[in-house]
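Working notes, structure below.
Letters go in sequence order (proteins before strands), and every chain restarts at 1. Source: prediction; values computed, not measured.
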Number of protein chains: 2
Amino acid sequence: MAPDLHEIAFERLAIDGQRYTKNRKAIVVILSDAGRPLSLADLLQSGDGLAQSSVYRNLIVLEEAGVVRKVVGTDEFARYELAEDLTEHHHHLLCTGCGAVEDFTLPSRVEQVVEAALATAARRAGFRAVDHRLDLVGLCANCG
Amino acid sequence: MAPDLHEIAFERLAIDGQRYTKNRKAIVVILSDAGRPLSLADLLQSGDGLAQSSVYRNLIVLEEAGVVRKVVGTDEFARYELAEDLTEHHHHLLCTGCGAVEDFTLPSRVEQVVEAALATAARRAGFRAVDHRLDLVGLCANCG
DNA sequence: CTTTCTGCAAACGATTTGCAGCAGC
DNA sequence: GCTGCTGCAAATCGTTTGCAGAAAG
């Protein structure tokens, strides 16, 4: 975990007029330690007595502040990870068997090609791109 | 719409022991005409008196038969489109403002690079890739 | 005829929300 | 202290399911 992670989180929340409370810090720590997107159940299990509704509410606040990103997989559960500029650029392996989500990275040469092609496509469509998702869907090592 | 689209749909459903009924045909026609992923509300509006539960059930059947694909956007509504081998390989523009989903394509040179890189990444992770998603997230021309 | 599909209405479950009390500054 | 956060429990709403009758073959 980056040493200034909490400082950054604090600042981004401050911009939105939000506090960096104990619960919010706990969520950031858990996500930072996980190294993969976590579902609500994961967070509740890892956290110490966090209330479900508070976690949902805090995830929304953290997402709006740009500290956390929501990841939609193949099952019915939403998952969350730290914002990409707080970790490193990566993609997801989405298992259709168990719903698990794992991270992976691509060579920077490939990223550059994709980046350029997407920028062109977005411009052509009059679309203001903020982010992109490049995920693999299939069966993980356990389910395959 | 491909002339043999209904024949293909019929055959794929038959493999699963399913019938290609009037309702299912109607869904396929609507999706084929749309040229973009449609939400349930879109389908109910376009269809002529289709029951909500039947549409949901038929979409599941059609998805299992490989005729239809579910597309997850940025809003709370699931969307559906024809399977990729019945149309052409494409990607999605996901608008975070209004939730709209539009199609776009990339140059085949880019697709090849991505395809190869993903195959390598999947092999390395012991992941059996079935499909990939490469979508742009941002604001569409109307919301931007 | 038999099996599958359909439509209605009721059930389900992840997520959201109202409210009273507590914590942060 | 005042404002915003928390936890509990109830509400919301897209989606799923049970069942009796209709359609496909």
Side-chain angles (χ1 to χ4, degrees), chain A residues 6-7 9-30 37-45 47-65 67-80 98-101, chain B residues 6-7 9-30 37-45 47-65 67-80 98-101:
Chain A
H6 294 306
E7 221 170 300
F10 176 86
E11 282 168 18
R12 293 192 183 174
L13 285 170
I15 291 171
D16 285 8
Q18 299 280 353
R19 298 168 183 163
Y20 192 44
T21 63
K22 183 188 279 196
N23 275 0
R24 291 173 185 176
K25 193 169 194 169
I27 291 172
V28 168
V29 169
I30 294 169
L38 297 183
S39 65
L40 219 103
D42 294 332
L43 283 165
L44 290 176
Q45 199 158 23
D48 195 22
L50 296 171
Q52 176 163 281
S53 62
S54 294
V55 175
Y56 273 117
R57 269 194 279 235
N58 284 329
L59 285 170
I60 291 170
V61 169
L62 288 166
E63 191 184 10
E64 282 173 351
V67 176
V68 153
R69 183 164 74 143
K70 187 184 206 169
V71 178
V72 180
T74 60
D75 60 13
E76 62 266 44
F77 304 105
R79 282 150 203 273
Y80 296 87
C98 63
V101 180
Chain B
H6 294 305
E7 220 171 301
F10 176 88
E11 281 169 17
R12 293 192 183 173
L13 285 169
I15 292 171
D16 284 9
Q18 300 280 356
R19 298 168 183 164
Y20 191 45
T21 63
K22 182 187 282 197
N23 275 0
R24 290 173 186 175
K25 194 169 194 168
I27 292 172
V28 168
V29 169
I30 295 169
L38 297 183
S39 66
L40 224 276
D42 294 332
L43 283 165
L44 289 176
Q45 199 158 22
D48 195 22
L50 296 171
Q52 177 164 283
S53 62
S54 294
V55 176
Y56 273 118
R57 269 193 279 235
N58 286 329
L59 286 170
I60 291 170
V61 169
L62 289 166
E63 191 183 10
E64 283 172 351
V67 176
V68 153
R69 183 164 74 143
K70 187 185 207 168
V71 178
V72 180
T74 60
D75 60 12
E76 62 267 42
F77 305 106
R79 281 149 202 274
Y80 297 86
C98 62
V101 181

A/L59 CG to C/dT15 P, in whole Å, measures 10 Å
Distance col, row B/K25:NZ vs B/I30:CD1, nearest 0.5 angstrom, shows 13.5 Å
Those residues at least two apart in sequence (or on a different chain) that pass ring pair (Phe, Tyr, Trp, His ring centres under 6.0 Å) with A/Y20 are A/H6
Taken in chain and number order and not counting sequence neighbours, the residues that satisfy side chain to side chain contact (heavy atoms under 4.5 Å, CB included) with A/A65 are A/R12, A/L13, A/D16, A/V67
Throw together a table of side-chain donor-acceptor distances under 3.5 angstrom for residues 51-64 of chain A, partners on residues two or more places apart or in other chains.
unit_1: A/N58; atom_1: OD1; unit_2: A/R24; atom_2: NE; d: 2.7
unit_1: A/N58; atom_1: OD1; unit_2: A/R24; atom_2: NH2; d: 3.3
unit_1: A/N58; atom_1: ND2; unit_2: A/S54; atom_2: O; d: 3.1

Show which side-chain atoms of residues 69-80 of chain A pair as donor or acceptor with protein atoms under 3.5 Å away, not counting sequence neighbours.
unit_1: A/R69; atom_1: NE; unit_2: A/E81; atom_2: OE2; d: 3.2
unit_1: A/R69; atom_1: NH1; unit_2: A/D131; atom_2: OD2; d: 2.7
unit_1: A/R69; atom_1: NH2; unit_2: A/E81; atom_2: OE2; d: 2.9
unit_1: A/T74; atom_1: OG1; unit_2: A/C95; atom_2: O; d: 3.1
unit_1: A/D75; atom_1: OD1; unit_2: A/F77; atom_2: N; d: 3.2
unit_1: A/D75; atom_1: OD2; unit_2: A/R79; atom_2: NH2; d: 3.0
unit_1: A/R79; atom_1: NH2; unit_2: A/G99; atom_2: O; d: 3.2

Between CG of B/D75 and P of C/dT16 the distance, given in whole Å, is 13 Å
Whether each nucleotide of nucleotides 15-25 of chain D has a protein heavy atom under 4.0 Å at its base (B), only at its sugar-phosphate (S) or at neither (-) is summarised, 5' to 3', as BBBBB---BB-
Should the heavy atoms of other residues, nucleotides or ligands under 6.0 Å from CD of B/Q45 be counted, would the total exceed 12?
-> no
Shortest non-hydrogen pair, B/N23 vs B/L50, comes out as OD1-CD2, 3.2 Å
Rounded to whole Å, the CD1-C1' distance (B/I27 to C/dT6) equals 12 Å
A/K25 atom NZ is separated from C/dA23 atom C1', nearest whole Å, by 15 Å
Check your understanding: Between A/N58 and D/dC5, does any side-chain N or O lie under 4.0 Å from OP1 or OP2?
Key -> no
Atom CG of A/N23 and atom C1' of C/dC22 are separated, to the nearest Å, by 12 Å
Bend of the helix from C/dC1-D/dG25 to C/dC25-D/dG1 from end-axis comparison, five pairs per end, nearest 10°, comes to 40°
Here the distance between atom P of C/dT6 and atom CG of B/L44, to the nearest Å, is 14 Å
